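Worksheet: one structure, shown below.
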Amino acid sequence: MKKYIAILLAVVMLFSLAGCKKDKSQEMNTSEGETTVKMDDGSLKIGFILPAESGAPDTEAREDAIRKMQYEAGLNDSQIFINENVSAEACADVISEQVKEGCNLIFACGARYEEATLAAAEEHSDVQFCIEGGKTSIDSELSNVHTFNSKIFEAYYAAGVAAGMEINYLLNIGDVRPEECTIGFVAYKECPETTTCINAFYQGVKRKNSQCTVAVRYVGKRGNYDADGEEARQLVARGTCLMCTYNYTTAVGAVCAENGIPVVGCQNNMINVSPKRSMMSTYTDWSVYYIEAVNSLINGAEIAKDWCGGYKEGAVRLTQINDVHIAKGIAQELVNIEKELKNGKAKIFALDSFKINDVSLDQLVKDDDAFKKYKKYIKNGELKEQSLSSAPIFEHRIDGIQVSTDNFLHQEESEGETEE
């Protein structure tokens, strides 16, 4: 459903600033052969194609980012076009609608839209297209196609450090026994994006607690509340002392609240869902890229062909820390970790800090063809994920992480019937 975004906050400020932005845009010099779109003349129109429905955490995060961009660029509501809950099959038609509306710049916010967007870009050479999570478009010769992504795995690493400290606290007070140090992780599907984040999270955990393991369950679909909750309950039945998630509902948080399990969320602050057990959530602030891309178009500059931002760029972070439920010292430690992430000193995937099937990655790169693609990402003893392209490449789970597929809920039911 198309809708126009209204900025409800600071409306008076927006109109008062519009005049300032107008003067600034009129003073811009344009080089020969380039065109500059003025901020306030209405000629710039921007379309957004979103994968989830209104109210979904990832939709809310993207629309918050759109509001920030709209305010920064001084655009009015009639210059912003949003289509939500768009399937891959419907993408081409939605792009056609947005082009007819006069959109000069279209953000396709999901890799599922890549094929349709590339075809549209070839047809509409006067429109700029930005694809979130695109993999093949980086090699496209089309000058109006761009890819972007975030290094959200950095936030998962920071959250993992906090989780390791939390488990240490639970061990010290006797709420968790050493044999119970398993963390549950619910991910929407198995792919390099989620695997990189699971690996990074576990690397953070191990920085503080070396005895923990991770059990992963894949939902197989995106944004399904019931399915997310089902996999979380399976992990509870299996036995987990803490939970983390990479999906787009609050279901895992709700299950953790019911069962008194600490939880790290994804793209939404789950304190309202689990006020006593939510720790924090990982978060991508897409406004950083939206603003950069829009300003490039406004200033007549080229939009980056392939963009990826992390802590250094301010594109990823952790949401509000729940001071009701975090161990002493976590907040200060996160300040230190985030400083490392910003200045590039945090070696998340240092080669001497993990193995895959009990073999080091540098050895696997030499001996196994399946791992040779990682070679160009290894520098100074570290796998530097997303350093050469915005698309993640780490698709192998590191030792200590196992996929959980057993039906533990069925086992509980069977045991209950036997007891009766």
Side-chain angles (χ1 to χ4, degrees), residues 28 30-37 44-51 62 65-66 68-69 72-73 88 91-92 95 98-99 103-154 191-193 196 284-316 344 373-379 383-395:
M28 287 182 191
T30 305
S31 302
E32 185 177 353
E34 294 181 343
T35 57
T36 300
V37 181
L44 177 58
K45 294 184 179 181
I46 306 173
F48 291 87
I49 301 173
L50 307 184
R62 289 188 176 97
I66 294 168
K68 292 180 184 178
M69 177 278 296
E72 289 293 326
C91 181
I95 289 175
Q98 292 187 348
V99 170
C103 289
N104 324 81
L105 174 61
I106 294 176
F107 292 89
C109 300
R112 69 172 76 171
Y113 305 132
E114 188 166 29
E115 183 178 350
T117 305
L118 283 170
E122 189 169 4
E123 181 181 355
H124 304 286
S125 59
D126 57 335
V127 178
Q128 299 294 316
F129 294 89
C130 300
I131 308 171
E132 179 189 322
K135 298 177 182 178
T136 61
S137 51
I138 186 175
D139 298 320
S140 170
E141 295 181 357
L142 297 170
S143 61
N144 61 331
V145 172
H146 319 273
T147 55
F148 67 100
N149 213 328
S150 75
K151 295 180 181 179
I152 188 61
F153 73 91
E154 293 183 346
C191 62
E193 182 178 15
T196 292
T284 293
D285 185 352
W286 294 114
S287 71
V288 175
Y289 177 73
Y290 296 163
I291 291 169
E292 181 173 323
V294 170
N295 282 342
S296 293
L297 194 59
I298 286 172
N299 295 323
E302 290 186 5
I303 299 173
K305 182 67 175 176
D306 188 47
W307 184 95
C308 194
Y311 264 96
K312 182 179 179 180
E313 295 78 13
V316 302
K373 65 181 179 181
Y374 297 124
K375 183 177 181 179
K376 60 184 179 180
Y377 288 87
I378 295 176
K379 186 177 181 181
L383 176 71
K384 299 183 74 66
E385 174 65 294
Q386 290 180 278
S387 59
L388 301 179
S389 70
S390 64
I393 50 93
F394 206 173
E395 61 182 0

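Keep in mind that this is a model prediction, so the values were computed, not measured.
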Flag the pair Glu132 and Arg62 as a salt bridge only when some basic side-chain nitrogen lies within less than 4.0 angstrom of an acidic carboxylate oxygen.
yes
Spatial distance of atom CG (Asn144) from atom OG1 (Thr117) [nearest 0.5 Å]:
11.0 Å
Please confirm whether the ring centroid of Phe148 lies under 6.0 Å from the ring centroid of Trp286.
yes
Minimum-distance pair of heavy atoms, taken over all atoms of Val316 and Gly309:
CG1-O, 4.0 Å
Lys373 vs Glu395, salt bridge (charged side-chain N to carboxylate O under 4.0 Å, His left out): CA-CA, chis, key distance, verdict:
CA-CA 11 Å; Lys373 65 181 179 181; Glu395 61 182 0; 2.4 Å; yes
By the ring-ring contact (aromatic ring centres under 6.0 Å, His included) test, which pairs, at least two apart or in different chains, include something from residues 108-129?
none
Just checking Lys135: does its NZ atom have more than 12 heavy atoms from other residues, nucleotides or ligands closer to it than 6.0 angstrom?
no
Sorted by chain and residue number, the side chain to side chain donor-acceptor pair (under 3.5 Å) partners of Gln128 (sequence neighbours excluded) come out as His146
Hey, what's the ring geometry for Trp307 with Tyr289, parallel, tilted or perpendicular (30° and 60° as the breaks)?
tilted
Counting N and O atoms only, with roles assigned by atom type, does the side chain of Asp306 sit under 3.5 Å from a partner on the main chain of Ile138, one being a donor and the other an acceptor?
no
Would you say the rings of Tyr374 and Phe394 are close, in the sense that their centroids are separated by under 6.0 Å?
yes
Greater than 12 external heavy atoms within 6.0 Å of Lys375's NZ:
no
